[in-house]
There are 2 protein chains.
Amino acid sequence: MLAYEEEVSGYDIKKWADWSLRHYYWSPSFSQVYSELKRIENHGYAASRMAGGDGGRNRRVYKITDAGRRAVRIWALDAPVDPPMLKHGALMRTAFGHLSTPDTLKAMLREHVDRVEALQHRIAVDAVAAEAEPAWAYARIAMRWAERYYASERELALELIAEIDAADEVFNAGKRGESFPRPRPGHWREIEEQVKATEDDD
Amino acid sequence: MLAYEEEVSGYDIKKWADWSLRHYYWSPSFSQVYSELKRIENHGYAASRMAGGDGGRNRRVYKITDAGRRAVRIWALDAPVDPPMLKHGALMRTAFGHLSTPDTLKAMLREHVDRVEALQHRIAVDAVAAEAEPAWAYARIAMRWAERYYASERELALELIAEIDAADEVFNAGKRGESFPRPRPGHWREIEEQVKATEDDD
DNA sequence: CGTTGCATGTAAGGTGTTACATGATTAC
DNA sequence: GTAATCATGTAACACCTTACATGCAACG
């Protein structure tokens, strides 16, 4: 973020993250922002000064250094990209749906859909602000990605809701029958064998 | 997982998580599995015993207790669901695309697409094993969700790749013009005002 | 008889949060 | 004047990973 060359404060960075980064990565807490900025400065990647000493607020603003520019270049060009990581609480709850009831599950997923819709609406509005600035061209396509991502998330959740009742019937049919197969130790090997039999590539 | 009523070891749980949970939530490291199981036992939610003492391997298997069943019921029915959290490294890299080059970006995203395709293929194969067991009816719909999620992730990434060049042109056009608007302190307020002007609900 | 998989754990450290503490400025 | 926002930080702790350490069993 400092690589935008602007002098920014910790507060600015947190707001920037809330505005766009949180929709596809994460938004740090204030306390982390402030401690990371200190760490960055100790590494020599940024230099800070107090801005607006008289009249203005007590803001500590950071500016990127040459070493910081070199480091961020290496990050952008050479650093390995971690695979995306998704922690989807609503879906995990669904995966353990047999501990709950179909109605509770569907209500939970409908709430999830509402939240996603709110986020989708929010980023659609925020993305408008990014349209005007050529400097934010890349931030803009990321935000448009997030908008489409929310749309897809919403559709997938709606499909899931429609599948709950059928899953519950299958589950209960299994319980009624006297044999109720459960995960057994060693069944992983069986699955692995099935997988290897199906796979020729990889 | 213990609520499936089967006696399971830490190793079993890790393999179970690798098989399905990791596609929509996360898979813990072995070391965390073992320490969490101890914690769960100390809380009285599970009881362990050594299995296969003579002849077999030294396995510590855990079984859920009544207190554990009560706790997991409360979790399944009443515990608030955290909003899904997505950490998408490839997309963050794209959002800071002006620090890289269009070609580097596109190659990075193509690699991302390859990885997603591999995961999609993998869960499609694994989900087959869940078809047979009525007890896994809910796990199955979660895995099918994940399959569709990967399909959507792939399409979204492909669209992103197609948008890179246009974004780069906009970015460079901004640099050529003498005015290159950057994020300014205080511009968040302006955005908030725009947002409030557009919003009537929320 | 050596590689892979099964199986369990400890120690150290990184990442990130919540709670707490403080105080100035702006808007209504 | 009081509520919201701007603004910065410390302390404690939760969560999770990597590196390390160990040993047995099964497969070819």
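In what follows, every heavy atom counts, from backbone to side chain, and hydrogens, waters and symmetry copies are set aside. Predicted model, so just to flag it, every value in this text is computed and none were measured. Chain A is the first sequence line, chain B the second, and so forth, proteins listed ahead of strands; every chain is numbered from 1.
Within a 6.0 Å sphere centred on CD of A/Glu117, heavy atoms belonging to other residues, nucleotides or ligands number more than 12. Few gaps surround CD on B/Glu159; more than 12 heavy atoms of other groups in view lie less than 6.0 Å from it.
Here the P atom of nucleotide C/dA7 and the CG atom of B/Asp18 are 14 Å apart, to the nearest Å. The distance between atom CZ of B/Arg59 and atom C1' of D/dA25, rounded to the nearest whole Å, is 13 Å. Across the protein-nucleic acid pair, A/Asn58 atom CG and C/dG23 atom C1' stand 9 Å apart, rounded to whole Å. Going from atom CD1 of A/Ile40 over to atom C1' of C/dT15 covers 14 Å, rounded to whole Å. In this structure, NZ of B/Lys14 is placed 14 Å from C1' of C/dA7, rounded to the nearest angstrom. The OH-P distance, from A/Tyr62 to D/dA7, rounds to 14 Å in whole Å. We find that CE of B/Met50 is positioned 7 Å from P of C/dT8, with the value rounded to whole Å.
Between the side chain of B/Glu153 and the backbone N or O of B/Val116, no donor-acceptor pair lies under 3.5 Å. Under the 3.5 Å distance criterion, the side-chain polar atoms of A/Thr65 are matched with a main-chain donor or acceptor of A/Gly44.
Remark: A/Trp26, A/Ser27, A/Pro28, A/Ser29, A/Ser31, A/Gln32, A/Arg39 in residues 20-39 of chain A come within less than 4.0 Å of DNA chain C through at least one heavy atom.
When distances run from any side-chain atom of B/Tyr11 to the nucleotides C/dG5, D/dT8, D/dC16, the shortest one goes to C/dG5.
Classified by interplanar angle (parallel below 30°, tilted 30° to 60°, perpendicular above 60°), the ring pair B/Tyr150/B/His23 is perpendicular.
For D/dT8, neither phosphate oxygen OP1 nor OP2 lies less than 4.0 angstrom from any side-chain nitrogen or oxygen of A/Arg60.
Using a 4.0 Å heavy-atom cutoff across all strands shown, B/Lys87 reaches sugar-phosphate atoms only and no base atom.
Evaluation of the side-chain hydrogen bond (donor to acceptor under 3.5 Å, both in side chains) test over residues 71-84 of chain B, restricted to residues two or more places apart or in two chains, returns none.
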